[in-house]
Protein chains: 2
Amino acid sequence: MPTDDSTKTLRTTATSIEILKQLEAIDGARVSEIAERMDKPKSTIHGHLATLKQEQFVIKEGDFYFIGPELLRLGNQVRTREPAFVLARQFTERLFEETRLRSIFTVEMGGKAVFLHTASGSKMGWSHEQLGNRLFLHNTAVGKAILAELPEPRIEQIIDRWGLPQETENTTTDREALFEELERVREQGYAVNRAENFNELYAIGVAATRRSGDVIGGFSVTGPAHSVTGEDRKAELAHTVKDIVSEFELELALA
Amino acid sequence: MPTDDSTKTLRTTATSIEILKQLEAIDGARVSEIAERMDKPKSTIHGHLATLKQEQFVIKEGDFYFIGPELLRLGNQVRTREPAFVLARQFTERLFEETRLRSIFTVEMGGKAVFLHTASGSKMGWSHEQLGNRLFLHNTAVGKAILAELPEPRIEQIIDRWGLPQETENTTTDREALFEELERVREQGYAVNRAENFNELYAIGVAATRRSGDVIGGFSVTGPAHSVTGEDRKAELAHTVKDIVSEFELELALA
DNA sequence: ACCAGCTGTTCGACTATCCTGAACTTTAAA
DNA sequence: TTTAAAGTTCAGGATAGTCGAACAGCTGGT
C-alpha cells in the first residue's frame, strides 16, 4: 500500500527532484534530453538546472549536466549522523575479510532496510554499490533480524505501512508466519534469507543493539545460493556474523 | 573571486535545498527549529518538508526530520558514474593497508578536488568521512598532481575561477611559482603537500590517467607532519603511491 | 565557406502556485 | 483541567515559476 500524498506538495521542488532522478537514470544529460523526457520546455529545465548548479547539486561539463558533489556530501551525512554508523564501516570490512562474502551494514529507516556500508571483493560481478537503496524488511536477512528486535507495535506499524509483498515464491507473505519466524530469529540470534527477495540468493543477518536494547542496525553476509551450501558452512557463517556483531556492540559500549 | 550567477534562480528550489543544509548542519531538526533559523513561517517549512519527505529526501521520526536515504542513493551515483571510480575504491583500501596512513581517492569536479573514497584505520581521530567535500587543487597533494596532468588552458581556467587563496603560510599563491611546481611534479611523478592547506599536515598525491592521457583522478596518503619524517620514509611512501596508481591504471586498461 | 539544423540561453508576460498569517489540532507539561 | 507550544491545515493574494518565442553558438554537411 503506497503512502498518502493527499497533502499539497510543492511542484517546483518536485520537478527539481525529478530532474535529479533523470540525471541519475541516464548518466548525465543535456538540457534538451531531459526536457524531452519530462515533456517540459527547455527553458524550464534550464532554470532548474541553473539553480541546482549554483548549489552544486549538479555540475556542468560542457553541455552535459551530472549529479554534483554537494549531493554526495549531504547524502553521506546519513552515514555519519550517528557515531555507531561510522564505527560500523570497519566492522563491515572485517566481516568481509573473514567470510569473503559480500558484507553489508544496514539500518532501518522509515520501515525499510537501507544499506549504509558494503564490502566486497574485487571480482564480484554484481557488486554495484547500492548505498541508500531501500529494501523490504520482511524478506531480507538483516531486515528480519532488525524486525525481531523491534517492539511489537512498531512491527505492526511497519507491516501496515508496507505490507508483505511477495517478491519470490519463498517470500513470507503471511503475518502469522512472519511473527513465528521472528520468534525463531530471536531464539537463534540470527536471521536467514533463502531466496526470499531475489532468486538464487542466500544471506545471513544479525541485528546490533545498544545496551538500552534498541536497535542500531544489522550486519549481513550474502552469496549465491549454490555457493553457500552445507549446514556446517552455514552454521559457521552465522557464528562469524554473530561474533562480529558482539565485538561491534562491545566496542560501541566502551566508546 | 566566487562565480556568482545573477541569473534568476528558483526561490522555491533554493529554499528546499537550504532546508536540507540546515538539517545537515544540526543533526536533524523539528519544523519550528528550522523555521526559526531561516526566519520563515512554520507553514512554509512544513510544506517544503512534506514535499521532501514524499521523495524520501528527508525522513521523519516522530516530529524530527532527518536527511533521507534517497539523498544518499542519488549522491552515491557520483561515485559509481564511472567504472574507474568504482574500481578506485579497492585500490584506496590497498593503499591504506600498505601505508597505514589515511588514504584518499580524489577526482576533479568543477575545478575543485572532491573526495570519492577514503580508507583509514579504526583509531584515527579526525577521520570523519568527508566524502563530497571540496578542496582547492592548488594547495593539496592530489590537487597538484591532477593539475599537472591537465592541459594548460584548463589549468588557467581553473585558476581564473577559484584563484589561489592562501590557507596557511605555506600556500603557493603565486601563479608562476605554481606552474614551476607543477613542472617539478611532472618530473618526479608525484606531488607533495607540506602543510599548505592545513597546518601540521603532510600528504603525497599521484594522479591516475587513462591511456588516452586524460586524468581520472588521484590517490593520496595523508598524515600528521610530525609522524611522517625522514627523506627515506617520504621517498618510500611516494614510491608506494606511484605503484598503486600504476597497478590501478593497468587493471583499468585490461578491463 | 556557407548554410541548415541542432543546441543552449535569454527575456517578458501570464497565471499557476507558493507564501503567509491565522485558525485548528495535537501533544506535553503544570 | 488548564496552559503552552508544537504540528498541521486552509484560503486569499502577491510573487515567482512557467512557457513560448526569439537570439546566439556550435556542428556537420554540401
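Within every chain, numbering begins at 1; the chains are lettered A, B, ... in the order of the sequence lines, protein sequences first and strands thereafter. Quick caveat, the model's predicted, so the values are computed rather than measured.
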Chemist: Quickly work out the B/Arg11 CZ to D/dT15 P distance and round it to whole Å.
Modeler: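 Checked: the CZ to P distance equals 11 Å.
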
Chemist: Does NZ or CZ of B/Lys60 fall inside the cone over B/Phe66's six-membered ring, less than 6.0 Å from its centre and within 45° of the axis?
Modeler: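 No cation-pi geometry.
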
Chemist: Check each residue of residues 27-44 of chain A for a non-hydrogen atom within less than 4.0 Å of any atom in DNA chain C, then write out the ones that pass by number, or none.
Modeler: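 Listed by number, they are A/Arg30, A/Val31, A/Ser32, A/Lys42, A/Ser43.
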
Chemist: Under the side chain to side chain contact (heavy atoms under 4.5 Å, CB included) criterion, do B/Leu71 and A/Val78 qualify, and how do the steps go?
Modeler: CA-CA 8 Å; B/Leu71 213 53; A/Val78 173; 5.6 Å; no

Chemist: What is the distance, rounded to the nearest whole Å, between atom NZ of B/Lys53 and atom P of D/dG7?
Modeler: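 Between P of D/dG7 and NZ of B/Lys53: 13 Å.
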
Chemist: Select one nucleotide: of D/dG7, C/dC19, D/dT18, the one nearest the side-chain heavy atoms of B/Leu10.
Modeler: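 My answer, after comparing the listed nucleotides, is D/dT18.
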
Chemist: Classify the side-chain pair B/Asn197/B/Glu167 by whether it contains a donor and acceptor separated by less than 3.5 Å.
Modeler: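 No, because no side-chain N or O of B/Asn197 sits under 3.5 Å from a partner of the opposite role on B/Glu167.
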
Chemist: B/Thr12 side chain N/O closer than 4.0 Å to the phosphate oxygens (OP1, OP2) of C/dC18?
Modeler: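 Result: no.
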
Chemist: Nearest-Å distance, CG (B/Leu52) to P (C/dC18)?
Modeler: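 About 13 Å, once rounded to whole Å.
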
Chemist: Salt bridge between B/Glu108 and B/Arg134, side-chain N to carboxylate O under 4.0 Å?
Modeler: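 No, no charged N to carboxylate O under 4.0 Å.
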
Chemist: Does NZ or CZ of A/Lys53 lie under 6.0 Å from the centre of the six-membered ring of A/Tyr65, at an angle within 45° of the ring axis?
Modeler: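 No.
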
Chemist: Taking atom types as modelled and ignoring hydrogens, do the side chains of A/His138 and A/Thr172 form a donor-acceptor contact shorter than 3.5 angstrom?
Modeler: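 Side chains of A/His138 and A/Thr172: no pair found under 3.5 Å.
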
Chemist: Given D/dG7, is OP1 or OP2 found less than 4.0 Å from the side-chain N or O atoms of B/His46?
Modeler: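 So the side chain of B/His46 is outside the cut-off, no N or O lying under 4.0 Å from OP1 or OP2 of D/dG7.
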
Chemist: Could you tell me the separation between the CG atom of A/Leu49 and the P atom of C/dG8, rounded to a whole number of Å?
Modeler: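 Rounded to the whole Å, the gap is 10 Å.
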
Chemist: Check each residue of residues 14-25 of chain B for a non-hydrogen atom within less than 4.0 Å of any atom in DNA chain D, then write out the ones that pass by number, or none.
Modeler: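 Listed by number, there are none.
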
Chemist: Provide, to the nearest angstrom, the distance between the CG atom belonging to A/Asp63 and the C1' atom belonging to C/dT9.
Modeler: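 Nearest whole value for this atom pair: 10 Å.
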
Chemist: Across the strands shown, which category fits B/Phe64 at heavy-atom distances under 4.0 angstrom: base, sugar-phosphate, nothing?
Modeler: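 Here B/Phe64 touches no strand at all.
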
Chemist: Going by distance alone, is a donor N or O of one side chain under 3.5 Å from an acceptor N or O of the other, for B/Thr51 and A/Thr9?
Modeler: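 The answer is no; no qualifying pair exists.
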
Chemist: Check each of B/Glu149, B/Glu180, B/Glu181 against B/Lys144 using the salt bridge (charged side-chain N to carboxylate O under 4.0 Å, His left out) test, and report the only one that passes.
Modeler: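 The salt bridge (charged side-chain N to carboxylate O under 4.0 Å, His left out) with B/Lys144 is passed solely by B/Glu181 among B/Glu149, B/Glu180, B/Glu181.
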
Chemist: Verify whether one side chain among A/Asn76 and A/Arg73 offers a donor that lies under 3.5 Å from an acceptor in the other.
Modeler: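 The criterion, which ignores hydrogens and geometry beyond distance, is not satisfied for A/Arg73 and A/Asn76.
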
Chemist: Just the rounded figure in Å: distance from C1' of C/dT7 to CD1 of A/Ile45.
Modeler: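 These atoms are roughly 15 Å apart.
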
